[in-house]
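For reference, the structure is listed below as structure tokens.
Everything numeric in this text was worked out from a predicted model, so none of it was measured.
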Amino acid sequence: MSSRKLSTVMLFMTIIVSATFGFAQTDAQLRRVSYTSTVDESSREYLLYLPKGYEDDPDKKWPVMLFLHGNGERGNGRTELDFVMVHGPLYEAWIQKRDLPFIIIGPQLPMFGMDHYADYLAKRTLDQLPRRLEKGVPERETKWQIDTLMQGSISDENYPYKNFGPPMGWEQVEQDLVNMLDYVSENYQTDQSRVYLTGLSYGGFGTWYMGSKYPERFAAISPVVGWGHKNLMQPLAENKTPIWCFAGGRDLVIRERYFYPGLNELERLGHQVRFTIESDMGHDTWKRVYGGEDLYNWFLGHQK
């Protein structure tokens, strides 16, 4: 067979294969979106993850996930922005290359002076940033080793709400978060009936707060190792917002007993909540939660 005939046959076979199996999906993307903060008019950026296949169908609408990181990932929204990927769904989707079918919004909470109080913030370096490898994925961190024995906890009404979450937490950038949701909904292929909210530790507190202030915006929320105050529960109950909350049984930072007053208040208001205690885990319970499949599938099962 001549080379010309062979080329024609190969082209024909390629067309047949493409028609039969479809073209390969476009790769996932991680973008940095610029914005001006309403807090101090500073120029900042947030991460925006677009899932695999996002650009293949202009008519497809994608679920949206707003992710609020923990205290250790605060930063200047520029050179330190990639700390947002140290833990959580962005770590899973971008660093571990998991095919998560969400548009993920990853903002960064400013320091607000917290680096003067927390050594782990003051001493961190850019060398600690997670890296997406050209081939393969990096090894996952092992769970933190906790010496404390597993044990149950009783409800504690005398919990120090003002010592966790509110002081210079996500409520300080409330309007920025709303603006991000609005911008993404207007400029990307989003399914506004499937907008989800989740966060870990400080971001867990932020999840309760933002979910309570804007319950009509979210199809479901999931606070991870962050409890909600009783005063935040009524809007969530009235809106019947699906909630899946997680705590670590060995968590010495955000103790299990502080979750119950808020959860009991939800039940008193007639609203059911799903509460999972990972009894063998410490504060890094998020590694199991975001590293698994259950939460993502649960989110996708809820729609406004």
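For P51, the side-chain contact (heavy atoms from CB on, under 4.5 Å) test picks out Y49, Y54, W62, I103, with sequence neighbours left out. Listed by chain and residue number, E45, D82 satisfy the side-chain hydrogen bond (donor to acceptor under 3.5 Å, both in side chains) test with R32 (two or more places apart in sequence, or in another chain). Every residue two or more places apart in sequence or in another chain was checked for a salt bridge (charged side-chain N to carboxylate O under 4.0 Å, His left out) with K240, and none qualifies. For E238, there are no salt bridge (charged side-chain N to carboxylate O under 4.0 Å, His left out) partners, not counting sequence neighbours. With sequence neighbours left out, K61 forms a side-chain contact (heavy atoms from CB on, under 4.5 Å) with D191. Residues satisfying the side-chain contact (heavy atoms from CB on, under 4.5 Å) criterion with R132, sequence neighbours excluded, are W94, I95, K97. Legend: residues meeting side-chain hydrogen bond (donor to acceptor under 3.5 Å, both in side chains) with S212, ordered by chain and number and at least two apart, are absent. Under the rule for a side-chain contact (heavy atoms from CB on, under 4.5 Å), the partners of D119 that lie at least two apart in sequence or sit in another chain are K123. In this structure K304 satisfies the side-chain hydrogen bond (donor to acceptor under 3.5 Å, both in side chains) test with no other residue, sequence neighbours excluded. Remark: D115 pairs with no residue by the side-chain hydrogen bond (donor to acceptor under 3.5 Å, both in side chains) rule, at least two apart or across chains.
Between R274 and D294 no salt bridge is recorded (no basic side-chain N to carboxylate O distance below 4.0 Å). Salt bridge present: R98 and E293 bring a charged side-chain N and a carboxylate O closer than 4.0 Å. The residues E73 and R124 are annotated as not salt-bridged, no charged nitrogen and carboxylate oxygen being separated by less than 4.0 angstrom.
Q96 places none of its side-chain heavy atoms less than 4.5 Å from the side chain of Y290. In this structure the side chain of D251 never reaches within 4.5 angstrom of the side chain of F246, judged on heavy atoms. Within the 4.5 Å cutoff, no side-chain heavy atoms of T207 are placed close to those of S222.
Annotation: Q272, atom CD; neighbour count of heavy atoms from other residues, nucleotides and ligands within 6.0 Å does not exceed 12.
Listed by chain and number, the hydrophobic cluster partners of V86 are F83, L126, L129, where partners are ILVMFWY side chains within reach of under 4.5 Å, directly or through others.
At distances below 3.5 Å, not a single donor-acceptor pair connects side-chain atoms of R44 with backbone N or O atoms of Y35. Checking side-chain atoms of E256 against main-chain N and O of G249 turns up no donor-acceptor pair under 3.5 Å.
Separation of the W244 and F275 ring centroids does not fall under the 6.0 Å cut-off.
Contacts classified as ring-ring contact (aromatic ring centres under 6.0 Å, His included) and involving residues 178-199 (residues at least two apart or in different chains) are given here: Y196-F299.
Just one residue in the list R194, Q192, E186 forms a side-chain hydrogen bond (donor to acceptor under 3.5 Å, both in side chains) with T190, and that residue is Q192.
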